[in-house]
**Student:** 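Got a structure here, written out as structure tokens. Questions coming.
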Amino acid sequence: QVQLVEFGGGLVQAGGSLRLSCAASGSIFSINTMGWYRQAPGKQRELVATITSGGSTNYADSVKGRWTISRDNAKNTVYLQMNSLKPEDTAVYYCRAVVRTSALNRNEYVYWGQGTQVTVSS
């Protein structure tokens with residue numbers, strides 16, 4: 001099994017910054033794409049940013065230029081630096097990882113963290 005644990009959510013004023021981190025542990029052979037998604041009340045979960053094992057990144061238009069995703073492959077950890085936060089960024093943020101769990105099995109599996117709340121006050 002693989003576990004993803006997120007850290008760093010909280011309450012911040014508009015214009016402020018937060019840094020989220022997500023550490024993966026367990027039966028990990030390698031991790032392909034890692035990413036962050038969010039879900040606001042009454043809305044569907046949406047992609048925020050992703051990063052491949054090689055460092056290629058992808059961002060939602062709503063966060064481009066404000067936020068930066070990065071990862072430490074040695075620590076199986078992904079980060080999300082969120083600057084210039086807006087009230088509309090308020091949501092539960094989820095970490096997602098695509099994991100290969102065995103050297104003998106090329107299958108990859110998707111795992112999710114439990115979510116961390118980010119609240120931005122106006």
**Student:** Using the rule that Ile, Leu, Val, Met, Phe, Trp and Tyr join whenever any side-chain heavy atoms are under 4.5 Å apart, tell me whether Tyr37 and Val120 fall into a single cluster.
**Tutor:** no
**Student:** Report whether Leu80 and Phe7 are members of the same hydrophobic cluster (ILVMFWY, side-chain heavy atoms less than 4.5 Å apart, transitive linking).
**Tutor:** no
**Student:** Do you know which two heavy atoms are closest between Val2 and Ser27, and how far apart they sit?
**Tutor:** CG2-O, 3.6 Å
**Student:** Is there a donor-acceptor contact under 3.5 Å from the side chain of Arg71 to the main chain of Thr52?
**Tutor:** yes
**Student:** Minimum heavy-atom separation for Tyr59 to Ile69, with atom names?
**Tutor:** OH-N, 2.9 Å
**Student:** So how far is it from Leu20 CG to Tyr93 OH, rounded to the nearest 0.5 Å?
**Tutor:** 7.5 Å
**Student:** Between Glu6 and Gln114, is there a donor-acceptor pair closer than 3.5 Å when you use the side chain of the first and the backbone of the second?
**Tutor:** yes
**Student:** Considering only heavy atoms from C-beta outward, does the side chain of Thr119 approach that of Val12 to under 4.5 Å?
**Tutor:** no
**Student:** Just by distance, do the side chain of Arg100 and the backbone of Phe29 share a donor-acceptor pair under 3.5 Å?
**Tutor:** no
**Student:** About how many Å separate SG of Cys95 and OH of Tyr111, when rounded to the nearest 0.5 Å?
**Tutor:** 13.5 Å
**Student:** So does Lys86 pair up with Asp89, basic N to acidic O under 4.0 Å?
**Tutor:** no
**Student:** Is there a continuous path of hydrophobic side-chain contacts, each under 4.5 Å between heavy atoms, that joins Met34 to Val110?
**Tutor:** no
**Student:** Compare every heavy atom of Leu4 with every heavy atom of Ala97, then report the nearest pair and how far apart it is.
**Tutor:** N-CD1, 3.8 Å
**Student:** Working to the nearest 0.5 Å, report the span between NZ of Lys75 and OG of Ser25.
**Tutor:** 14.5 Å
**Student:** Hey, could you give me the CG/CG distance between Asn58 and Leu47, rounded to the nearest 0.5 Å?
**Tutor:** 6.0 Å
**Student:** How close do Pro87 and Ala14 get, heavy atom to heavy atom, and via which atoms?
**Tutor:** CD-CB, 4.1 Å
**Student:** Enter the distance from Ser70:OG to Ile51:CD1 here, rounded to the nearest 0.5 Å.
**Tutor:** 6.0 Å
**Student:** Using modelled atom types only, decide if a donor and an acceptor are shared between the side chain of Thr33 and the backbone of Val98 within a distance under 3.5 Å.
**Tutor:** no
**Student:** Check Leu85 against Leu18 and note the closest heavy-atom contact, atom names and distance.
**Tutor:** CD1-N, 3.8 Å
**Student:** Short question: side chain of Asn73, backbone of Ser53 - any donor-acceptor pair under 3.5 Å?
**Tutor:** yes
**Student:** Would Arg19 pass as a cation-pi partner of Trp67, given that its NZ or CZ must be under 6.0 Å from the six-membered ring centre and within 45 degrees of the axis?
**Tutor:** no
**Student:** Would a 4.5 Å heavy-atom cut-off, applied to side chains only, mark Gln81 and Ser17 as touching?
**Tutor:** yes
**Student:** Within the distance-only criterion (no hydrogens, no angle test), does the side chain of Ser62 pair as donor or acceptor with the backbone N or O of Ala60 below 3.5 angstrom?
**Tutor:** no
**Student:** Measuring from Met82:CE to Trp36:CH2, what's the distance to the nearest 0.5 Å?
**Tutor:** 8.0 Å
**Student:** Report yes if some heavy atom in the side chain of Thr57 is under 4.5 Å from a heavy atom in the side chain of Thr68; otherwise report no.
**Tutor:** no
**Student:** Would Arg38 and Tyr94 count as a cation-pi pair here, with the cationic atom under 6.0 angstrom from the ring centre and within 45° of the axis?
**Tutor:** no
**Student:** Check whether any side-chain heavy atom of Thr101 sits under 4.5 Å from a side-chain heavy atom of Ile28, and report yes or no.
**Tutor:** no
